[in-house]
**Student:** 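Before we start, here is the structure in question, set down as structure tokens.
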Amino acid sequence: MIARELILETVMRIPEGRVATYGQVARAAGLPGRARLVGKSLRGLGAESIVPWQRVLGAGGRISIPDAQTARLQRDLLQDEGVRFSGKRVLLAGQLWDEGLDD
DNA sequence: CTGATGACAGTAC
DNA sequence: AGTACTGCCATCA
């Protein structure tokens with residue numbers, strides 16, 4: 001079983017307008033403690049990817065992308081699908097993905 | 001094998 | 001609120 005596949009598959013289950021943290025995705029993928037592996041798996045994905053990588057955030061709703069360009073893209077994409085921000089952070093309340101029920 | 005690194009997370013100050 | 005430190009784990013020189 002390839003961890004990267006599990007992670008990408010999990011990220012694709014996040015509905016539009018919802019967000020999740022790296023740690024949460026790792027847990028949902030059955031890989032508790034591999035939050036960093038999630039980031040590693042998403043690194044390299046771009047605007048062309050079918051994977052909604054923009055819905056994955058750091059703890060507390062912070063954008064954890066080192067590249068400012070990509071970080072800005074993530075913010076724009078999220079705001080575009082209706083995700084609300086509080087300054088530099090995403091308001092996780094009411095927008096955090098519920099692993100149990102999709103949508 | 002050892003040490004450094006990183007789209008993380010939690011805690012402490 | 002911002003910085004620092006620790007725990008974590010896969011990857012790589």
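Naming convention: chains lettered A, B, ... in sequence-line order (proteins, then strands); numbering from 1 in each chain.
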**Student:** For I7(A), answer base if it contacts any base atom (sugar-phosphate contacts may also be present), sugar-phosphate if it contacts only those atoms, and nothing otherwise; contact means non-hydrogen atoms under 4.0 Å.
**Tutor:**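 I7(A): no heavy atom of the nucleic acid under 4.0 Å.
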
**Student:** Would a 4.5 Å heavy-atom cut-off, applied to side chains only, mark L78(A) and F85(A) as touching?
**Tutor:**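 Yes, side chains in contact.
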
**Student:** Output the rounded distance in Å from CZ (R34(A)) to C1' (dC9(C)).
**Tutor:**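 Distance check: R34(A) CZ to dC9(C) C1' gives 7 Å.
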
**Student:** Take the protein atom CZ of R27(A) and the nucleotide atom P of dC8(B), then report the distance between them rounded to whole Å.
**Tutor:**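 These atoms are roughly 16 Å apart.
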
**Student:** For a quick check of understanding: with a heavy-atom distance under 4.0 Å over all strands, which category does S41(A) fall into, base, sugar-phosphate or nothing?
**Tutor:** nothing

**Student:** Whole angstrom is fine here: how far is it from CZ in R36(A) over to C1' in dA7(B)?
**Tutor:** 10 Å

**Student:** Given dG6(B), is OP1 or OP2 found less than 4.0 Å from the side-chain N or O atoms of R43(A)?
**Tutor:**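 So the side-chain polar atoms of R43(A) never come under 4.0 Å of the phosphate oxygens OP1 or OP2 of dG6(B).
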
**Student:** Just the rounded figure in Å: distance from P of dT11(C) to CD1 of I2(A).
**Tutor:** 11 Å

**Student:** Does W97(A) use its side chain to pair, donor to acceptor, with the backbone of P15(A) at less than 3.5 Å?
**Tutor:**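 Not at all, since once roles are kept as given, no pair shorter than 3.5 Å links the two residues.
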
**Student:** What's the CG-P distance between L6(A) and dA10(C), to the nearest Å?
**Tutor:** 13 Å

**Student:** Given V19(A), which of V83(A), L91(A), V56(A) fulfils the side chain to side chain contact (heavy atoms under 4.5 Å, CB included) condition?
**Tutor:** V83(A)

**Student:** Figure out the CG/P separation between L37(A) and dC8(C), and round it to whole Å.
**Tutor:**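 Atom CG in L37(A) sits about 16 Å away from atom P in dC8(C).
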
**Student:** Can you figure out which of dC8(B), dG10(B), dT11(C) approaches the side chain of K40(A) most closely?
**Tutor:** dT11(C)

**Student:** Please report the distance, rounded to the nearest Å, between CD1 in I63(A) and P in dC8(B).
**Tutor:**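 My rounded result for the distance is 12 Å.
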
**Student:** Got a second to check how far T21(A)'s OG1 is from R62(A)'s CZ, nearest 0.5 Å?
**Tutor:** 12.0 Å

**Student:** Using whole Å, report how far CG of L31(A) lies from C1' of dA7(B).
**Tutor:**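 Going from L31(A) (CG) to dA7(B) (C1'), I get 17 Å.
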
